[in-house]
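Both backbone and side-chain heavy atoms feed into the values below; hydrogens, waters and symmetry mates do not. If you're wondering where the values come from, they're calculated on a predicted model, not measured in any experiment.
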Amino acid sequence: MARGAEGRITRGTTGTNRLRRVDRWVARLPALRRTPHPLVVDLGFGGSAATPLELHRRLAAVNPRVEVVGVEIDPGRVRIASASAVPGVSFRVGGFEVPTERRPTIIRAFNVLRQYDEHEVPDAWRRMTSRLTEDGTLVEGTCDEIGRVCSWVALGPAGPRTLTISLRLSGLELPSIVAERLPKALIHRNVPGERVHELMLALDRAWRTNAPLGVYSPAQRWIATARTLAAAGWPVRDGVARWRLGELTLDWDAVAPARL
Ligand SMILES: C[S@@+](CC[C@H](N)C(=O)[O-])C[C@H]1O[C@@H](n2cnc3c(N)ncnc32)[C@H](O)[C@@H]1O
């Protein structure tokens, strides 16, 4: 581990195309488009260069001047990944202090805090968000091995703003499958008395209620599920264009743990 790097080396499991859902969500952040030369950090990229390279390819379609830096606390992994560097993508050793010269517009930290303790989350969030540009976003979350069940918190410099759930709808039995892949701040809070538990129950109820729409498509059933939640007062963001992808974004306050 490099001296001064904040955090610790954890398992480096990663995979090609695993983070496609969060890449797609990041690609629509307005700051990415309007910043002339945005810096994006893929923090904790793991055992190969796959996710920073994919992130760059997907974001460059939106802003060709985007630069992606893969930051990893394990110097051995940085050495391996560096052999795959291409224009616009580089790799360096570091931790939550995010040791880039410029401030990043986006920091994506996926499947990193999952291997930490819950009480370490607020400080890690603070360290990373303190490095963002004023209009920057930290995207911190978790997914399964093949990226079909994902969720993430989006934070600005002042703290958490939203929770997003993103699921492959085809073959989905119950949306609460995401309970196993919630961000560290929420994963231990799926218990009575916590708001995220209420959300899991409400999602499953709405998914079941809207089962008949599955005849048309799982996307129609999910869109109706999002509408049911919104009608029940959940602060659901966006609209049909996002919902049809199996996404659902809610205001953080609606799910924030009782105490973090
Ligand atoms: C499970 S891998 C995730 C790889 C990739 N992000 C993904 O989702 O497929 C987690 C990686 O995060 C790294 N890591 C853990 N804490 C870190 C920190 N504080 N700063 C940078 N990297 C860290 C670990 O060394 C490990 O390689």
Side-chain angles (χ1 to χ4, degrees), residues 1-2 4-15 18-19 21-23 25-26 40-48 50-52 55 68-74 77-78 92-100 104 106-132 136-147 149-166 177-191 194-197 199-200 249-250 252 255-260:
M1 197 183 309
E6 290 174 20
R8 55 182 177 273
I9 298 173
T10 55
R11 279 189 315 278
T13 319
T14 187
R18 183 189 197 193
L19 303 187
R21 287 181 169 270
V22 63
D23 284 354
W25 194 87
V26 166
V40 176
V41 166
D42 192 2
L43 188 126
F45 59 82
S48 86
T51 69
L55 182 62
V68 172
V69 178
V71 171
E72 170 54 62
I73 202 160
D74 180 343
R77 292 176 188 154
V78 174
R92 65 182 296 167
V93 178
F96 297 134
E97 78 288 357
V98 193
T100 49
I106 295 160
I107 302 172
R108 189 267 298 281
F110 236 72
N111 298 303
V112 175
L113 288 183
R114 182 172 172 80
Q115 299 180 68
Y116 283 73
D117 288 331
E118 189 193 53
H119 74 265
E120 297 176 283
V121 171
D123 196 48
W125 278 0
R126 263 192 300 275
R127 292 297 290 140
M128 292 187 277
T129 54
S130 73
R131 291 287 295 132
L132 290 170
T137 304
L138 165 65
V139 182
E140 187 274 304
T142 306
C143 66
D144 65 349
E145 288 72 14
I146 51 175
V149 178
C150 318
S151 73
W152 56 87
V153 184
L155 303 93
R161 290 177 175 152
T162 58
L163 171 73
T164 296
I165 291 167
S166 182
I177 181 84
V178 77
E180 300 162 12
R181 302 287 168 173
L182 286 170
K184 192 71 188 187
L186 296 175
I187 195 163
H188 305 297
R189 304 307 183 107
N190 185 23
V191 291
E194 292 280 357
R195 283 173 282 199
V196 74
H197 182 62
L199 175 65
M200 294 299 112
T249 297
L250 298 109
W252 174 252
V255 291
R259 202 161 32 88
L260 182 62

If we only count heavy atoms from C-beta on, is the Leu163 to Leu199 side-chain gap below 4.5 Å? yes
Flag the pair Leu19 / Cys143 as yes when at least one side-chain heavy-atom distance between them is below 4.5 Å, and no otherwise. yes
Between Ala5 and Ile73 the two heavy atoms that sit nearest each other are CB-CG1, 3.9 Å
Can Arg8 be said to sit on top of Tyr116's aromatic six-ring, NZ or CZ under 6.0 Å from centre and within 45° of the ring axis? yes
So how far is it from Thr100 OG1 to Glu97 CD, rounded to the nearest 0.5 Å? 9.5 Å
Does a side-chain heavy-atom distance below 4.5 Å link Val153 with Trp252? yes
Nearest non-hydrogen partners of Ala179 and Asn190, listed with the distance: CB-ND2, 3.4 Å
Taking Arg108 for the side chain and Val139 for the main chain, is one N or O donor matched with an acceptor at less than 3.5 Å? no
Enter the distance from Thr142:OG1 to Glu140:CD here, rounded to the nearest 0.5 Å. 6.0 Å
Are any side-chain N or O atoms of Arg11 and backbone N or O atoms of Gln115, one a donor and one an acceptor, separated by less than 3.5 Å? no
How many angstroms lie between CZ in Arg131 and CD1 in Ile107, if you round to the nearest 0.5 Å? 7.5 Å
Report yes if some heavy atom in the side chain of Lys184 is under 4.5 Å from a heavy atom in the side chain of His188; otherwise report no. yes
Is the closest side-chain heavy-atom distance between Glu180 and Asp144 below 4.5 Å? no
Smallest separation among heavy atoms of Gly94 and Pro99, with atom names: CA-CG, 3.9 Å
So Val98 and Pro104, do their side chains get closer than 4.5 Å, heavy atoms only? yes
With rounding to the nearest 0.5 angstrom, report the CH2 to OG1 distance, Trp152 to Thr249. 7.0 Å
Can Phe110 and Asp42 be said to form a side-chain contact (heavy atoms from CB on, under 4.5 Å), step by step? CA-CA 8 Å; Phe110 236 72; Asp42 192 2; 5.7 Å; no
Are any of the side-chain nitrogens in Glu118 or Arg189 under 4.0 Å away from the carboxylate oxygens of its partner? yes
Take Asp123 and Phe96 through the test side-chain contact (heavy atoms from CB on, under 4.5 Å) and record every step on the way to the result. CA-CA 9 Å; Asp123 196 48; Phe96 297 134; over 6 Å; no
Would you name the heavy atoms of Val178 and Ser151 that are closest together and state the gap between them? CG2-CB, 3.9 Å
Interatomic distance, CG@Leu138 vs CG@Leu132, rounded to 0.5 Å, equals 6.0 Å
Scan side-chain atoms only and decide if Arg114 and Thr10 contain a donor-acceptor pair under the 3.5 Å cut-off. no
Starting from the C-alpha separation in whole Å, work towards a yes-or-no answer on side-chain contact (heavy atoms from CB on, under 4.5 Å) for Met128 and Val41. CA-CA 10 Å; Met128 292 187 277; Val41 166; over 6 Å; no
Can you confirm whether Val22 sits close enough to Thr164 that some side-chain heavy atom of one is under 4.5 Å from a side-chain heavy atom of the other? no
Closest heavy-atom pair and its distance - Ala154, Thr137: CB-CG2, 4.0 Å
Test log, rule side-chain contact (heavy atoms from CB on, under 4.5 Å), inputs Leu186 and Glu194: CA-CA 9 Å; Leu186 296 175; Glu194 292 280 357; over 6 Å; no
Separation of Ser48 OG from Glu72 CD (nearest 0.5 Å): 10.5 Å
Of all heavy-atom pairs linking Thr51 and Gly15, the shortest is CG2-O, 4.2 Å
